[in-house]
Amino acid sequence: MNSFKDSRLAVVRLSDDEHEVIILDQTRLPGHEEYLRISDEERAWTAIKRLEIRGAPAIGVFAGYAMYVLAQRYADKPYPEFLAEFRRQAEYLNSSRPTAVNLSWALRRQTRLVEAHEGCTGSEIVKLLGEEAHKIDAENEEMTRKIAEYGVSLIKDGDGILTHCNAGYLACLGYGTATAPIYYGAEQGMTLHVYSDETRPLLQGARLTSFELQKAGIDVTLICDNMASIVMKQGRINAVFVGCDRIAANGDFANKIGTSGVAILAKYYGIPFYTLGPSSTIDFDTPTGADIHIEQRDPDEVRSMWYREPMALPDVKCYNPSFDVTDHSLLSGIVTERGIVTAPFEENLRKLFQK
Ligand code: MRU
């Protein structure tokens, strides 16, 4: 049987000379394993926008490395100009996708580091940015391992688990988040049966989740989004695990469009529903889900993107919100690297993360 660790592809890394960020082009999976080399700001912005790199934590790690690579270009500038250029580029990259908080979180972390080193040369700061980018990556990897350890306590051998979109290693690196207990459980000898929603319109469940789970030797069954109800009713699902792009202070969270519908179904059938994510996804500055900015994407993703022929008239009106917000009342718990947070979410999130 394949082991998870052997099956993993490198999602984001630096080139040997550290002048480029190399990413796995996720728009080409599952048919093609192709890598892109990124070394300028427009290409970095487009890579996020087009979802060549995607998933909240992976975007954050990419942003950390991208700022390091970009800053090498103006390392000879005096500090005030270096800082101004750094801030401008961070703001520009931050405009690529609005919903996942990990992007702005990583950009802020790198910007604060530059702000804290007034008086240093550009080259000294660039070196620190490289170290910080590696730290963000390593910390994220470690967080997914801890999420795996906490999350595995929620399942037992033989369980069926439903997941939506892709919150596996392709989106989050390490063990992934929603997949973390699944991979970790399999490493401990559990047999688990995963149902992966295909996740219209961009098919992350079909193209990415079923790809990575199957490559790792996990039993995975791909279903259309509208089949979630029947597999729940048939008793095949013991728990739902999904990722998150931003968790508001009250526990409401944004995740891929369709997640809140799955949560409502799970509640109806009495199935525990968990979101799993690192603390970099929690945003205490966003009080509730109503305050989360939902990205709207190109209507052609719905009309024609994955078809040989368009499946709708070219000018038919489409509504294509990329994410929805799941109300905290539908959540059984939030699995983080520090433990599993249960209701009352606002109070318990603050207790765990804002000591
Ligand atoms: O638009 P995507 O593919 O970046 O959306 C990804 C998701 O919604 C994931 O479930 C989410 O990022 C949480 S897991 C990292």
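Order of appearance sets the numbers: ligands from 1, and atoms from 1 within every ligand. These numbers come from a predicted model, not from an experiment.
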Requested in this report: Of the side chain and backbone of Arg97, name the one, both, or neither that has a heavy atom under 4.0 Å from an atom of ligand 1.
Outcome: side chain
Query - Side-chain ion pair, Glu149 and Arg145, N-O less than 4.0 Å - result: yes
Requested in this report: State whether Phe4 and Arg8 meet the cation-pi test: NZ (Lys) or CZ (Arg) under 6.0 Å from the six-membered ring centroid, and within 45° of the perpendicular axis.
Outcome: yes
Query raised in the report: Is it the side chain (CB and beyond), the backbone, both or neither of Cys244 that lies under 4.0 Å from ligand 1, heavy atoms counted?
Result: backbone
Report summary line: Tested for side chain to side chain donor-acceptor pair (under 3.5 Å) against His193, the lone hit among Asn238, Asp159, Asp219 is Asp219
Requested in this report: Hey, could you give me the OG/CZ distance between Ser39 and Arg73, rounded to the nearest 0.5 Å?
Outcome: 5.0 Å
Query - Sub-3.5 Å N/O-N/O distance, Ser322 and ligand 1 - result: no
Requested in this report: Please identify which atoms of ligand 1 are closer than 4.0 Å to at least one heavy atom of Ala167.
Outcome: 14 (S)
Query raised in the report: Are Phe353 and Ile292 joined in one hydrophobic group, where the rule is that I, L, V, M, F, W and Y side chains link up if heavy atoms are under 4.5 Å apart?
Result: no
Query raised in the report: Same cluster or not: are Ile282 and Val101 linked, directly or through other Ile, Leu, Val, Met, Phe, Trp or Tyr residues, by side-chain heavy atoms under 4.5 angstrom apart?
Result: no
Query - Heavy atoms of other groups near Glu34 CD, more than 12 under 6.0 Å - result: yes
Query raised in the report: Judged by non-hydrogen atoms, does Gln26 sit under 4.0 Å from ligand 1?
Result: no
Query - Contacting atoms of ligand 1, where contact means under 4.0 angstrom from a heavy atom of Lys256 - result: 1 (O), 2 (P), 5 (O), 8 (O)
Query raised in the report: Counting each atom of ligand 1 from 1 as listed, which ones have a heavy atom of Asp245 under 4.0 Å away?
Result: 7 (C), 8 (O), 9 (C), 11 (C), 12 (O), 13 (C)
Query raised in the report: Looking at Tyr68 versus His134, is the centre-to-centre ring distance below 6.0 Å?
Result: no
Query raised in the report: Which atoms from ligand 1 have a heavy atom of Phe323 less than 4.0 Å away?
Result: 1 (O), 5 (O), 8 (O)
Requested in this report: If you have a sec, work out which protein heavy atom is nearest atom 6 (C) of ligand 1 and how many Å separate them, to one decimal?
Outcome: Arg54 NH2, 3.5 Å
Query raised in the report: Okay, side chain of Ser229, backbone of Met227: is any donor-acceptor separation there less than 3.5 Å?
Result: no
**Report entry** Heteroatom proximity flag, Gly55 to ligand 1, N/O under 3.5 Å
**Finding:** yes
**Report entry** ligand 1 atoms in contact with Gly243 (distance to a heavy atom under 4.0 Å)
**Finding:** 13 (C), 14 (S)
**Report entry** Phe82 ring center within less than 6.0 Å of Tyr74 ring center
**Finding:** yes
Query raised in the report: Near Asp315 CG, under 6.0 Å, is it more than 12 heavy atoms from other residues, nucleotides or ligands?
Result: yes
Query raised in the report: For atom 10 (O) of ligand 1, what is the nearest protein heavy atom, given as residue, atom name and distance?
Result: Asn255 OD1, 2.7 Å
Query raised in the report: Numbering the atoms of ligand 1 from 1, which are under 4.0 Å from a heavy atom of Cys172?
Result: 14 (S), 15 (C)
Query raised in the report: How many angstroms lie between atom CD of Glu41 and atom OG1 of Thr46, to the nearest 0.5 angstrom?
Result: 10.5 Å
**Report entry** Heavy-atom gap Pro57 to ligand 1 smaller than 4.0 Å
**Finding:** yes
Query raised in the report: So is Ala56 polar-close to ligand 1, meaning N/O to N/O under 3.5 Å?
Result: yes
Query raised in the report: Is Thr177 close to ligand 1, meaning an N/O of one under 3.5 Å from an N/O of the other?
Result: no
**Report entry** For Gln204, the ligand 1 atoms whose distance to one of its heavy atoms is below 4.0 Å
**Finding:** 1 (O), 2 (P), 3 (O)
Requested in this report: Measure the distances from the heavy atoms of Asn166 to every atom of ligand 1 and state whether one is below 4.0 angstrom.
Outcome: yes
Query raised in the report: Which part of Val242 is near ligand 1, with near meaning a heavy atom under 4.0 Å away: side chain, backbone, both or neither?
Result: neither
